[in-house]
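To start, the structure itself, in structure tokens.
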2 protein chains.
Amino acid sequence: MDLLFIAARDVAGKSASVLAAAGLGRAHARALHFIARNPGLSVAELLGFLKITKQSLNRVMSDLLKGGFVERKTGMQDRRTRSLQLTPAGKALADAVWNAQRPILAAAFRSAGQDAVGGYRKVLIGIAGDPERWRKNP
Amino acid sequence: MDLLFIAARDVAGKSASVLAAAGLGRAHARALHFIARNPGLSVAELLGFLKITKQSLNRVMSDLLKGGFVERKTGMQDRRTRSLQLTPAGKALADAVWNAQRPILAAAFRSAGQDAVGGYRKVLIGIAGDPERWRKNP
DNA sequence: CTATTTATGACAGCATGTCTGACGTAACGA
DNA sequence: TCGTTACGTCAGACATGCTGTCATAAATAG
């Protein structure tokens with residue numbers, strides 16, 4: 001418990017300075033992160049990842065769109081949906097955030113060793129569930 | 001990254017209903033958690049765990065004191081400090097929160113196996129640092 | 001003993017992030 | 001055509017964090 005809280009807090013905290021420079025907060029970073037990892041996802045899917053309400057996401061997305069970090073296109077299969085993806089500026093920002101966080105994870109992974117990382121992933125997947133289903137709401 | 005975020009979110013989320021019934025939020029739960037695990041700790045130590053400002057903690061602690069969940073006594077060695085510990089009501093609440101969260105962790109630990117849990121802890125300690133030093137500020 | 005530092009408490013105001021509720025529009029599907 | 005779905009948006013509220021400021025008591029340095 002303690003470990004999970006402290007680790008998540010510290011990793012998220014590392015990105016603060018990079019984000020502040022772009023006038024964004026942590027909520028923006030989380031949205032940015034999942035859009036970066038799942039290009040072209042819909043708003044509903046993004047909500048599934050973040051588990052917040054669409055009204056909450058709205059403010060965050062407005063900022064990202066105004067800032068030119070995210071691009072919103074009408075979905076091709078279902079024209080009601082919006083396909084979200086990062087602009088070059090968005091990619092640059094996501095990379096900057098990642099570069100701020102990577103050293104901690106890399107150091108922890110290296111010092112713990114391959115086997116430990118395998119166990120780490122196994123347990124977290126046990127807690128978080130199948131990544132393939134994160135995007136679904138329930 | 002994704003795993004860490006989702007896992008922390010889901011575990012913390014499980015306690016929401018229990019906390020809401022007591023009129024408290026997640027910030028209260030975090031304070032309660034660290035007081036439960038480190039009985040008699042000082043305010044400065046609690047701030048070291050939570051990494052928030054004393055002004056932010058103030059509101060949370062006021063609520064916990066008013067609600068009769070936490071007890072505050074003058075420190076014995078250093079009379080400037082305040083020794084914090086849970087009241088019976090606080091312990092009951094902390095237990096209720098823990099009982100809401102335990103099943104997820106227990107299931108994940110069981111299905112991942114002993115070795116995986118060892119690796120999980122090893123990596124998280126690598127990210128979060130030595131637990132003995134969490135209570136220190138810098 | 002005096003001056004300074006430390007640990008804490010309190011209050012005011014502000015920013016962020018989240019929520020519920022309500023309404024509207026466009027597109028899908030039976 | 002009609003009900004449902006996916007989304008956008010406005011309004012108002014709450015929770016949680018922050019900075020800044022002042023006050024007090026106790027420890028500590030000189």
Side-chain angles (χ1 to χ4, degrees), chain A residues 5 8-9 12-13 15-17 19-20 22-35 40-67 70-84 135-138, chain B residues 5 9 12-13 15-17 19-20 22-33 35 40-67 70-84 135-138:
Chain A
F5 166 68
R9 183 199 65 184
S15 58
S17 57
L19 294 164
L24 302 175
R26 296 180 186 183
H28 304 94
R30 289 195 290 274
L32 214 59
H33 173 85
F34 284 108
I35 296 172
L41 87 174
S42 72
V43 173
E45 288 173 331
L46 183 53
L47 289 173
F49 284 123
L50 299 172
K51 291 251 183 82
I52 59 177
T53 61
K54 63 172 183 171
Q55 293 89 334
S56 299
L57 179 60
N58 188 297
R59 220 185 277 180
V60 173
M61 281 302 300
S62 301
D63 293 341
L64 291 175
L65 289 167
K66 278 182 200 162
V70 171
E71 207 175 14
R72 186 164 64 184
K73 295 175 183 170
T74 299
M76 286 171 295
Q77 306 146 352
D78 184 338
R79 289 170 51 79
R80 290 172 304 178
T81 66
R82 301 287 180 271
S83 169
L84 305 170
R135 61 180 66 196
K136 314 243 170 173
N137 294 5
Chain B
F5 166 68
R9 183 199 65 185
S15 58
S17 58
L19 293 163
L24 302 174
R26 295 180 186 184
H28 303 96
R30 289 196 289 274
L32 213 61
H33 173 84
I35 296 172
L41 87 174
S42 72
V43 172
E45 288 173 330
L46 182 53
L47 288 173
F49 284 123
L50 299 173
K51 290 252 183 81
I52 59 176
T53 60
K54 64 169 184 171
Q55 294 88 336
S56 299
L57 179 60
N58 188 300
R59 211 183 292 171
V60 172
M61 283 301 301
S62 301
D63 293 341
L64 291 175
L65 289 166
K66 278 182 200 163
V70 171
E71 206 175 15
R72 187 164 63 185
K73 294 177 184 170
T74 298
M76 285 170 295
Q77 304 146 352
D78 185 338
R79 290 169 49 79
R80 290 171 303 177
T81 65
R82 301 287 179 268
S83 170
L84 305 171
R135 62 180 65 195
K136 313 242 169 173
N137 293 5

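By convention in this document, chain letters (A, B, ...) are assigned in the order of the sequence lines, proteins followed by strands, and residues within each chain are numbered from 1.
Backbone-only engagement by B/Thr81 is indicated by non-hydrogen atom pairs under 4.0 Å involving sugar-phosphate atoms exclusively. B/Arg26 comes within 4.0 angstrom of sugar-phosphate atoms only, judged by non-hydrogen atoms across all strands, and of no base. Within the 4.0 angstrom heavy-atom criterion, only backbone atoms of the sugar-phosphate kind lie near B/Ser42; the bases stay farther away. Looking at heavy-atom distances under 4.0 Å, A/Thr53 makes contact with a base.
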key: side chain to side chain contact (heavy atoms under 4.5 Å, CB included) between B/Met61 and B/Leu84, worked out   = CA-CA 10 Å; B/Met61 283 301 301; B/Leu84 305 171; 3.8 Å; yes
request  = Evaluate side chain to side chain contact (heavy atoms under 4.5 Å, CB included) for B/Val43 paired with B/Lys54, printing each intermediate quantity in order.
outcome  = CA-CA 8 Å; B/Val43 172; B/Lys54 64 169 184 171; 5.5 Å; no
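Separating the NE2 atom in A/His28 from the OG atom in A/Ser15 is a distance of 12.5 Å, to the nearest 0.5 Å. Rounded to the nearest 0.5 angstrom, A/Ile52 CD1 and A/Leu57 CG are separated by 5.0 Å. For the atom pair OG1 of A/Thr81 and CG of A/Leu41, the computed distance is 10.0 Å after rounding to the nearest 0.5 Å. Going from atom CD of A/Glu45 over to atom CD1 of A/Ile35 covers 11.5 Å, rounded to the nearest 0.5 Å. Separating the CZ atom in A/Phe5 from the CZ atom in B/Arg26 is a distance of 12.0 Å, to the nearest 0.5 Å.
The CE-C1' distance, from B/Met61 to D/dT16, rounds to 16 Å in whole Å. Counting to the nearest Å, the C1' atom of D/dT16 and the CD1 atom of A/Ile52 are 16 Å from each other. Here the C1' atom of nucleotide D/dC10 and the CG atom of A/Asn58 are 9 Å apart, to the nearest Å. Rounded to an integer number of Å, the gap from B/Arg59 CZ to D/dG17 P is 9 Å. Atom CG in A/Leu19 sits roughly 16 Å away from atom P in D/dC18 (whole-Å rounding). Rounded to whole angstrom, the span from the NZ atom of A/Lys73 across to the P atom of D/dC7 amounts to 16 Å.
For the pair B/Arg30 and D/dG17, the criterion of a side-chain N or O lying under 4.0 Å from OP1 or OP2 is met. Here B/His28 reaches the OP1 or OP2 of D/dT16: one of its side-chain N or O atoms lies under 4.0 Å away.
For A/Arg82 (side chain) and A/Arg80 (main-chain N/O), a donor-acceptor pair under 3.5 Å exists by modelled atom type.
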inquiry  = Can you build the contact string for nucleotides 21-27 of chain D? Use B for base contact, S for sugar-phosphate-only contact, and - for no protein heavy atom under 4.0 Å.
reply    = B----BS
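A parallel orientation is assigned to the rings of A/Phe34 and A/Phe49, their planes being inclined by less than 30° (bins at 30° and 60°).
Bracketed by its first and final contacts, the part of DNA chain C lying under 4.0 Å from non-hydrogen atoms of chain B reaches from C/dT6 to C/dG13 in 5' to 3' order.
Here the nucleotide nearest the side chain of A/Arg72, chosen from D/dT16, D/dT19, D/dG8, is D/dG8.
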